[in-house]
Amino acid sequence: MSTPLSEATMAVVRATVPALAAHGHAVTTAMYRRLFRDEHIAALFNHANQDGDNAQAHALAGAIVAYARNIDDLGALSAALERIAQKHVGYHILPEHYPFVARALLGAIEDVLGDAATPQVLAAWGEAYWLLADLLKRREAELRGELAQAVGGWSGWREFVIAGKRIENAAADAPIASFELRPADGGAVIAHRPGQYLTLRYPVPGQGRIKRNYSISCGPNREAYRITVKREARGHGGSRHLHDAMAIGERIELTPPAGDFFLPDAPPRPVVLLSGGVGLTPMVSMLEAIAARHPRLRAHYVHGTADGASHAMAAHVQALARAHGGIQVSTFYAQPGAGDALGRSHQREGLIDADWLRANVPLLESDVYLCGPRPFLRALVPALARAGVADERVHYEFFGPSDERLAA
């Protein structure tokens with residue numbers, strides 16, 4: 001059990017909020033630079049999140065500021081801490097890795113804040129870091145124990161075989177492919193919660209073994225997982241390697257399913273599922289679960305994409321809706337193609353908007369689940385709040401650093 005922080009220590013940490021709010025990104029960038037000097041620590045990370053505007057550094061900077069502001073009320077950060085713990089389990093971050101982060105963080109604070117990083121400030125942040133680290137380590141140990149003891153469960157990395165591969169859309173310049181993954185040992189797999197993701201580890205020439213997170217796009221079962229991945233033309237090439245070089249029979253490593261974004265086992269009210277682009281993947285998992293397990297659940301699925309060519313898994317979703325009978329499907333095309341026909345291939349042109357949702361789906365009596373790119377979420381999540389949907393009924397996921405929501 002961690003020793004609670006003293007009032008004096010909490011006061012010192014709170015006093016650093018203005019400096020960290022102003023220089024947090026520089027601190028976290030310096031922290032990662034220090035961490036990555038050690039190859040075995042660098043190998044723990046998804047380096048795709050370190051490119052461009054360095055989303056991971058921005059996310060962590062926001063998380064550090066939020067932690068400092070709530071240092072005397074960590075209950076306010078419970079949801080964020082759960083997301084971080086889930087992500088750490090996915091990346092197989094272990095207790096022995098925490099001291100490396102402590103040294104890198106405190107060294108970065110000293111580097112960036114200079115004279116303001118007094119011995120008192122560094123000592124207070126050292127105490128605060130280890131309080132947080134101990135909370136996370138305990139929760140991560142609980143999660144690993146639950147996963148290892150479940151039917152088909154395991155801990156750490158497990159080898160899987162690509163047992164199936166198929167293209168799910170017609171966009172030659174941005175194909176979306178599904179990969180069926182089965183255990184190489186022939187055993188069972190843990191039944192994931194619909195909406196969760198997998199962390200994959202696989203070799204890419206010139207980069208070593210990289211890590212990527214992909215949502216599971218099938219319903220829970222004991223035999224296999226399916227991921228559905230868009231081939232991104234830019235970036236580190238993880239998705240390109242999956243599409244171009246990973247054939248049926250290739251082997252890949254996975255940690256167990258993780259994530260706090262999922263459909264509950266017994267949904268208490270109707271659900272509205274909203275997705276943009278390849279953000280449909282966890283929604284298809286939820287739809288499969290609804291069709292198989294919840295015959296009386298009312299569900300509305302609204303998906304937005306560019307056009308018919310980019311629209312993945314459309315026939316599969318319609319088949320699930322017909323089989324269930326209580327799933328209503330609506331599709332928005334932002335820029336319909338020549339072969340698209342309003343009322344046949346899609347129900348609406350343009351972007352999904354709150355006015356249409358208010359008029360066409362039971363927003364105020366439902367739980368709302370969203371997944372998609374940042375602009376999609378940043379438009380719709382505030383709009384749902386303005387429409388009167390209670391915060392606790394809005395659940396969302398996007399493909400990026402797990403703690404980025406703290407920085408929003």
Side-chain angles (χ1 to χ4, degrees), residues 86 89-92 143-144 146-169 175-203 209-231 238-239 241-259 261-263 265 273 275 278-294 312-317 319-320 323-324 371 397 399:
Q86 292 275 349
V89 170
Y91 281 117
H92 199 43
L143 291 170
R144 288 193 180 94
E146 292 167 4
L147 291 166
Q149 294 165 19
V151 175
W154 73 98
S155 181
W157 297 101
R158 183 180 180 187
E159 193 170 61
F160 279 66
V161 176
I162 297 177
K165 181 177 179 179
R166 59 172 289 167
I167 299 296
E168 301 284 10
N169 67 342
I176 296 173
S178 286
F179 299 82
E180 180 186 344
L181 307 173
R182 290 182 176 268
D185 58 22
V189 300
I190 186 171
H192 65 283
R193 291 173 163 176
Q196 289 189 305
Y197 59 84
L198 295 168
T199 302
L200 283 66
R201 184 168 71 176
Y202 53 97
R209 291 190 298 177
I210 68 168
K211 296 183 176 73
R212 293 293 185 270
N213 300 126
Y214 292 112
S215 293
I216 302 168
S217 64
C218 63
N221 65 86
R222 300 289 187 190
E223 299 177 356
Y225 302 116
R226 182 179 66 214
I227 59 171
T228 302
V229 180
K230 180 181 177 182
R231 186 186 187 279
S239 66
H241 188 75
L242 278 175
H243 273 256
D244 301 345
M246 300 295 277
I248 292 175
E250 297 278 353
R251 299 201 170 201
I252 202 163
E253 293 176 293
L254 308 179
T255 52
F261 174 77
F262 53 80
L263 187 74
D265 294 336
L273 312 179
S275 61
V278 77
L280 63 84
T281 52
M283 303 309 176
V284 174
S285 179
M286 292 183 189
L287 289 169
E288 287 195 10
I290 291 168
R293 302 180 177 190
H294 306 292
M313 308 182 88
H316 180 56
V317 167
L320 291 172
H324 182 272
C371 185
E397 180 71 293
F399 306 128

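Just so you know, these numbers come straight off a predicted model, no measurement behind them.
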Mark yes or no for whether Y202, through its side chain, and R212, through its backbone, hold a donor-acceptor pair below 3.5 Å. no

Atom pair CZ (F160) and OH (Y225), whose distance is rounded to the nearest 0.5 Å: 5.5 Å

Which atom pair, heavy atoms only, marks the closest approach of A289 to P220? CB-CD, 4.0 Å

Whether the side chain of K165 engages the backbone of M246 through a donor-acceptor N/O pair (distance < 3.5 Å, no angle test) should be reported. yes

I'd like to check the salt bridge (Lys or Arg N to Asp or Glu O under 4.0 Å) partners of R166; sequence neighbours left out, ordered by chain and number. E168

Could you check whether any side-chain N or O of T255 sits under 3.5 Å from a backbone N or O of G90, counting only pairs where one atom can act as donor and the other as acceptor? yes

Return the CE to CG distance between M283 and L263, rounded to the nearest 0.5 Å. 10.0 Å

Determine, stepwise, if the pair E253 / R209 fulfils side chain to side chain contact (heavy atoms under 4.5 Å, CB included). CA-CA 10 Å; E253 293 176 293; R209 291 190 298 177; 3.1 Å; yes

Just jot down the side chain to side chain donor-acceptor pair (under 3.5 Å) partners of S285, sequence neighbours excluded, or say none. H192

Say you draw a straight line from CG of D265 to NE2 of H294; how long is it, rounded to the nearest 0.5 Å? 7.0 Å

CD1 (I227) and CD1 (I252) are apart, to the nearest 0.5 Å, by 6.0 Å

Can a donor-acceptor pair be found, under 3.5 Å and without considering hydrogens, that links the side chain of W154 to the backbone of L254? yes

Sequence neighbours excluded, the answer for side chain to side chain donor-acceptor pair (under 3.5 Å) partners of R293 is none

Heavy-atom closest contact (N221 atom, C218 atom, distance): ND2-SG, 3.9 Å

Step-by-step side chain to side chain contact (heavy atoms under 4.5 Å, CB included) determination, Y214 to T281: CA-CA 9 Å; Y214 292 112; T281 52; over 6 Å; no

Any non-hydrogen side-chain atom of D244 less than 4.5 Å from a side-chain atom of R231? yes

How close do A258 and Q196 get, counting heavy atoms only, and between which atoms? O-CB, 3.1 Å

Sorted by chain and number, sequence neighbours left out, side-chain contact (heavy atoms from CB on, under 4.5 Å) with L147 holds for V89, I190, P256

Does A314 have any side-chain contact (heavy atoms from CB on, under 4.5 Å) partners at least two apart in sequence or in another chain, and if so, which? H311

Can you confirm whether more than 12 heavy atoms, excluding those of K230, are under 6.0 Å from its NZ atom? no

Nearest heavy-atom approach of P282 to G279 is CD-O, 3.3 Å

Would you check, one step at a time, whether the test side chain to side chain contact (heavy atoms under 4.5 Å, CB included) holds for M286 with F261? CA-CA 11 Å; M286 292 183 189; F261 174 77; 3.6 Å; yes

CD1/I167 to NE2/H243 distance, rounded to the nearest 0.5 angstrom? 6.0 Å

If the condition is salt bridge (Lys or Arg N to Asp or Glu O under 4.0 Å), which residues does R144 pass it with, not counting sequence neighbours? none

Gap separating the CG atom of L198 from the CG atom of N213, nearest 0.5 angstrom: 9.0 Å

If the condition is side-chain contact (heavy atoms from CB on, under 4.5 Å), which residues does E180 pass it with, not counting sequence neighbours? A163, R182, A224

Pair listing, salt bridge (charged side-chain N to carboxylate O under 4.0 Å, His left out) test, anchored in residues 155-164, at least two apart: R158-D185, E159-R251

Sequence-distant partners of E288, side chain to side chain donor-acceptor pair (under 3.5 Å), two or more places apart: R226, H316

Going by salt bridge (Lys or Arg N to Asp or Glu O under 4.0 Å), name the residues that satisfy it together with R222, two or more places apart in sequence or in a different chain. none

Taking side-chain contact (heavy atoms from CB on, under 4.5 Å) as the definition, give me every residue that meets it alongside H324, ordered by chain and number, with sequence neighbours left out. I290, A291, I327

R193: side chain to side chain donor-acceptor pair (under 3.5 Å) partners, not counting sequence neighbours: none

Please give me the minimum heavy-atom distance between M313 and S178, naming the atom from each residue. CE-OG, 4.2 Å

